Amino acid sequence: RLLLKLDAQTKELRAQSQSLKTFMENLPGGMICCENSDELKLLRYSDSFPAMFGYTAAELRELYQDEFRGMIYPEDWEPCAQSVREQLTRGNTKQIEYRVIRRDGSLRWVLDRGQLVVEPDGREVFNCILIDITEARQAQSELRLSLERHKIIMDQTTDIIFEWEINSGRVHYSPNWQKLFGYEPLADGVRDELPKGSHVHPDDAGVFQGLMNDVAQGTAYREAEIRIRKQDGHYLWCRVRATLQTDSQGQPAKAIGVIIDIDDEKRRTQLLLDQAARDALTGLYNKGATEDLIRRRLEERLPNHRLAYIIIDVDNFKQVNDIFGHLSGDVILADIAGMLQKQFRGDDIIGRIGGDE
């Protein structure tokens, strides 16, 4: 019975040893046991340990005399040693990151997780698992650079970046909102509350609501021009652009967009349009603009709304030009235009449709 029991225990130990060996060889990295000394003398290690840095076991003995410190990039040694000392004051484990010199001279970042133990002979040793994290470090570096680029762009632009969570209705804005408008924006329930609030000009509320409804219903991209109130009560013309992002089921999830201040551009455009619609001499609407405005007024009038249309002609104006000259005639026309503008209401249409008509 004793022999059978010993045989069973031997088989179990062999199975455990084989399982441990299989685990060690398939570990995404390497395992080492090294002395707790400045040289970090290697006592034992998995076959995957030298392989992950391009060495053989013979090369480790020949090049480094099995001292792990020689493989660690010199600039990383002191910071790591200091970190280990501090961690050991709190317990018997360590976790550090450093670079190791590969056989080809390149560097690989490793995550070193170890535990300090005392062997039967009294030596203090570290049992460590080393994991190659080079790609992860590179990804972190690229992410950091990307975030820095994003911050630089955000700091240098006057545009406002926003992210609208469609389901919750919450909107996140870049700090430029407060810089441009001078107050904290509405962040919750924007789809329903913003058009009813004081942010958007009442005449543009429907346009803004339409943009948000279209995006929420799946429109990939929408753009609109609306007026947004500043802290002092004035409105700025802004161009709002929104691009839809969907979830894994293809349903609308977020809208990423930008709010661009186009107030100067819009006012310059309006000025040019107004100048194009005006008679250069009198400042009244020219013939084409007068006809367009009258046609629009007729189309938009309510059924019970009555309109008056008056044509005024300057009597004997030709004699003024013949006797006093065309410059004097121009002055008279400009004076008459000024008098008409004072006599009529601001929303009346006053135009010059002929020479003196």
Side-chain angles (χ1 to χ4, degrees), residues 135-270 272-273 296 300:
E135 282 71 25
R137 291 283 300 216
Q138 290 174 343
Q140 289 177 351
S141 178
E142 291 173 1
L143 176 60
R144 178 182 58 80
L145 291 174
S146 178
L147 291 174
E148 287 179 358
R149 287 195 296 268
H150 182 263
K151 186 177 185 302
I152 291 171
I153 292 171
M154 296 285 282
D155 289 342
Q156 292 183 350
T157 184
T158 58
D159 299 340
I160 300 162
I161 310 299
F162 68 87
E163 178 182 320
W164 172 35
E165 297 173 358
I166 294 175
N167 292 330
S168 68
R170 185 167 182 80
V171 179
H172 305 275
Y173 306 83
S174 66
N176 285 339
W177 174 286
Q178 194 159 10
K179 292 180 184 178
L180 183 60
F181 298 112
Y183 58 90
E184 286 290 337
L186 181 67
D188 294 308
V190 173
R191 183 178 175 184
D192 297 323
E193 298 300 325
L194 196 57
K196 297 185 294 185
S198 59
H199 288 13
V200 178
H201 193 285
D203 292 346
D204 301 333
V207 175
F208 181 73
Q209 187 82 60
L211 180 148
M212 300 195 79
N213 288 342
D214 288 348
V215 173
Q217 292 169 11
T219 302
Y221 175 83
R222 280 284 275 111
E223 180 178 314
E225 294 181 358
I226 61 173
R227 284 160 288 184
I228 300 178
R229 184 184 60 83
K230 293 183 65 177
Q231 189 175 35
D232 61 8
H234 290 87
Y235 285 89
L236 288 180
W237 276 103
C238 295
R239 182 176 292 119
V240 181
R241 293 172 175 167
T243 300
L244 177 67
Q245 285 188 327
T246 57
D247 58 21
S248 57
Q249 284 76 43
Q251 297 301 311
K254 293 183 178 182
I256 308 299
V258 61
I259 300 173
I260 306 169
D261 178 4
I262 60 168
D263 196 67
D264 289 342
E265 170 191 334
K266 192 78 174 179
R267 295 187 188 282
R268 283 195 301 267
T269 301
Q270 190 59 49
L272 291 174
L273 290 173
R296 193 181 309 164
E300 295 174 353

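Bear in mind that the values here come from a model prediction, so they are computed numbers and not experimental data.
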Engineer: Return the NZ to CG distance between K230 and L236, rounded to the nearest 0.5 Å.
Structural biologist: 5.0 Å
Engineer: If I take atom CZ from residue R222 and atom CZ from residue F208, how far apart are they, to the nearest 0.5 angstrom?
Structural biologist: 11.0 Å
Engineer: Between W177 (side chain) and Y183 (backbone), is there a donor-acceptor pair under 3.5 Å?
Structural biologist: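 Yes, the answer is positive, given that a donor and an acceptor are paired below the 3.5 Å cut-off.
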Engineer: Provide the full list of salt bridge (charged side-chain N to carboxylate O under 4.0 Å, His left out) pairs with a residue in residues 234-243, sequence neighbours left out, each pair given once.
Structural biologist: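 Sorted result for residues 234-243: E223-R239, E223-R241, E225-R239, R239-E265.
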Engineer: Could I get the full list of side chain to side chain donor-acceptor pair (under 3.5 Å) partners for R267, not counting sequence neighbours?
Structural biologist: D263
Engineer: Distance check, rounded to the nearest 0.5 Å: C238 atom SG versus I262 atom CD1?
Structural biologist: 7.0 Å
Engineer: So V215 and W164, do their side chains get closer than 4.5 Å, heavy atoms only?
Structural biologist: yes
Engineer: Using atom types as modelled and distance alone, determine if a side-chain donor or acceptor of N176 lies under 3.5 Å from a backbone N or O of D159.
Structural biologist: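 Pair found, side chain donor or acceptor close to backbone of D159.
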Engineer: Which residues satisfy the side-chain contact (heavy atoms from CB on, under 4.5 Å) test with R296, sequence neighbours excluded?
Structural biologist: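 Per chain and number, R296 pairs via side-chain contact (heavy atoms from CB on, under 4.5 Å) with L293, E300.
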Engineer: Please report the interatomic distance CG(L244) to CD1(I166), rounded to the nearest 0.5 Å.
Structural biologist: 5.5 Å
Engineer: Can you measure from CZ (F181) to OH (Y173) and round to the nearest 0.5 angstrom?
Structural biologist: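 It comes to 10.0 Å.
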Engineer: Is there side-chain contact between D204 and W237, with heavy atoms separated by less than 4.5 Å?
Structural biologist: yes
Engineer: Residues two or more places apart in sequence or in another chain: which of them pass side chain to side chain donor-acceptor pair (under 3.5 Å) with D261?
Structural biologist: none
Engineer: Do any pairs count as a salt bridge (charged side-chain N to carboxylate O under 4.0 Å, His left out) and have a residue in residues 248-258, sequence neighbours left out, and if so which ones?
Structural biologist: E163-K254
Engineer: Side-chain contact test, heavy atoms from C-beta onward, threshold under 4.5 Å: evaluate it for R229 versus V200 and give yes or no.
Structural biologist: no
Engineer: F162 vs I259, test: side-chain contact (heavy atoms from CB on, under 4.5 Å). Steps then yes/no.
Structural biologist: CA-CA 8 Å; F162 68 87; I259 300 173; 3.8 Å; yes
Engineer: Under the rule for side-chain contact (heavy atoms from CB on, under 4.5 Å), what residues qualify as partners of D247, not counting sequence neighbours?
Structural biologist: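 Once residues adjacent in sequence are excluded, the partners of D247 under the side-chain contact (heavy atoms from CB on, under 4.5 Å) criterion are Q249, Q251, A253.
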Engineer: So, taking the atom named CG in L180 and the one named CD1 in I160, what distance separates them when rounded to the nearest 0.5 Å?
Structural biologist: 5.0 Å
Engineer: So, do Y235 and H199 have ring centers that fall under 6.0 Å from each other?
Structural biologist: no
